[in-house]
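Take a look at the following structure, please.
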Amino acid sequence: GFCRRTGLDGGQVADLCRRRLLIPMEEGRFDEQDVALGALLARGLALGIAPDDLAFYPRLAEEIVDHEMALRNRHTDKMGFAQDAGVTLELTGIARSLRTYVIDRTMQRELIRYQGLKPDKEKKDPPKI
């Protein structure tokens with residue numbers, strides 16, 4: 001099952017779901033995307049990363065999605081169902097790519113500023129989360 005494939009135990013799975021770090025599309029039914037992320041979370045937990053350390057992800061995701069939905073609503077407000085569905089599909093693809101690109105590039109540029117994975121004291125320290 002899910003626990004065997006990810007390395008998580010039942011209590012961890014319940015806790016990660018409660019914290020919205022694992023978000024199955026149907027309660028108790030995990031797909032391959034859930035399994036892949038569950039395995040990564042198990043590795044993170046083994047490294048000492050606590051679920052509380054990751055609490056910013058669902059919080060910021062909700063904020064991003066709220067903005068994306070507002071943008072979508074502004075652009076599809078007066079459209080019929082078929083046109084709305086087509087535009088929504090296209091906007092969803094743009095949003096997925098833009099999220100990944102902006103976050104990855106922001107992280108890459110920040111890491112380039114560090115030497116040997118330790119902050120350069122002349123440059124800003126990473127944010128305290």
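Note that this is a predicted model, so its numbers are computed, not measured. Sequential numbering from 1 along the given sequence is applied to the chain's residues.
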- [ ] Please answer whether the main-chain N or O of Gly80 pairs with a side-chain N or O of Gln83 as donor and acceptor at a distance below 3.5 Å.
- [x]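 Looks like no, no N/O pair under 3.5 Å.
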
- [ ] Test Met25 against Asp34 for side-chain contact (heavy atoms from CB on, under 4.5 Å), laying out the working first.
- [x] CA-CA 9 Å; Met25 294 302 290; Asp34 299 317; 5.9 Å; no

TODO: Using ring pair (Phe, Tyr, Trp, His ring centres under 6.0 Å) as the criterion, list what pairs up with Phe2, not counting sequence neighbours.
DONE: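 Partners of Phe2 by the ring pair (Phe, Tyr, Trp, His ring centres under 6.0 Å) criterion, ordered by chain and then number, come out as Phe30.
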
Task: Same apolar cluster (I L V M F W Y, side chains within < 4.5 Å links), Leu71/Val87 - done: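 No, Leu71 does not connect to Val87 through the hydrophobic network.
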
Task: Which atom of Thr6 lies closest to which atom of Ala42, heavy atoms considered - done: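 Heavy atoms only, the tightest pair is O-CB, 3.2 Å.
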
Open item on the list: Rounded at 0.5 Å granularity, tell me how far CZ in Arg20 sits from CZ in Arg59.
Closed with: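 Output value for this atom pair is 10.0 Å.
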
Task: Ion pair Arg5/Glu32, N-O distance below 4.0 Å - done: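 Between Glu32 and Arg5 there is a salt bridge, with a charged N closer than 4.0 Å to a carboxylate O.
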
Open item on the list: Could you measure the distance from the CZ atom of Arg4 to the CG atom of Asp9? Nearest 0.5 Å is fine.
Closed with: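 Arg4 CZ to Asp9 CG: 15.5 Å, rounded to 0.5 Å.
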
- [ ] Kindly determine whether Leu16 and Leu54 satisfy side-chain contact (heavy atoms from CB on, under 4.5 Å), including the steps that lead there.
- [x] CA-CA 10 Å; Leu16 291 167; Leu54 306 173; 5.7 Å; no

Open item on the list: Once rounded to the nearest 0.5 Å, what's the spacing between atom CG of Leu45 and atom CG of Leu21?
Closed with: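 The CG atom of Leu21 is 9.0 Å from CG of Leu45, to the nearest 0.5 Å.
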
Open item on the list: For Ile49, is there any backbone N or O sitting under 3.5 Å from a side-chain donor or acceptor partner on Asp53?
Closed with: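 Not a single qualifying donor-acceptor pair exists.
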
TODO: Is it possible for you to say whether Leu40 and Val35 belong to one hydrophobic cluster, with membership spreading through side-chain heavy-atom contacts below 4.5 Å?
DONE: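 As far as the 4.5 Å side-chain criterion goes, Val35 and Leu40 are connected within one cluster.
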
- [ ] Find the distance between OG1 (Thr100) and CZ (Arg105) and round it off to the nearest 0.5 Å.
- [x]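 If I round to the nearest 0.5 Å, the distance is 12.0 Å.
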
TODO: Could you grab the distance from atom SG of Cys17 to atom CG of Leu22, nearest 0.5 Å is fine?
DONE: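 One finds 5.0 Å between SG of Cys17 and CG of Leu22.
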
TODO: Give a yes or no on whether the backbone of Arg74 and the side-chain of Asp77 come within a donor-acceptor separation of less than 3.5 Å.
DONE: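 Here the side-chain-to-backbone pair does not exist.
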
Open item on the list: Could you go through Glu110 and Thr106, starting from their C-alpha distance and side-chain angles, then the distance that decides it, and tell me whether this counts as side-chain contact (heavy atoms from CB on, under 4.5 Å)?
Closed with: CA-CA 6 Å; Glu110 189 66 21; Thr106 302; 5.7 Å; no

TODO: Step through the shown structure and confirm whether more than 12 heavy atoms of other residues, nucleotides or ligands are within 6.0 Å of CZ on Arg109.
DONE: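 Atom CZ in Arg109 is not packed in, count stays at 12 or less.
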
Open item on the list: Under 4.0 Å between a side-chain nitrogen and a carboxylate oxygen: does that hold for Asp84 and Arg72?
Closed with: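 Yes, this pair counts.
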
Task: Value rounded to 0.5 Å, distance of OG1 in Thr88 from CD in Glu68 - done: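 Interatomic distance, Thr88 OG1 to Glu68 CD, rounded to 0.5 Å: 12.0 Å.
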
- [ ] Group every Ile, Leu, Val, Met, Phe, Trp and Tyr by side-chain heavy-atom contacts under 4.5 Å, then state whether Leu41 and Tyr57 land in the same group.
- [x]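 Shared cluster, yes.
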
Open item on the list: Taking CD in Gln108 as the centre, count heavy atoms belonging to other residues, nucleotides or ligands within less than 6.0 Å. Is the count above 12?
Closed with: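 More than 12 within 6.0 Å, yes.
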
Open item on the list: Please check if the number of heavy atoms outside Arg99 that lie under 6.0 Å from its CZ is greater than 12.
Closed with: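 Check passes, neighbour count above 12.
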
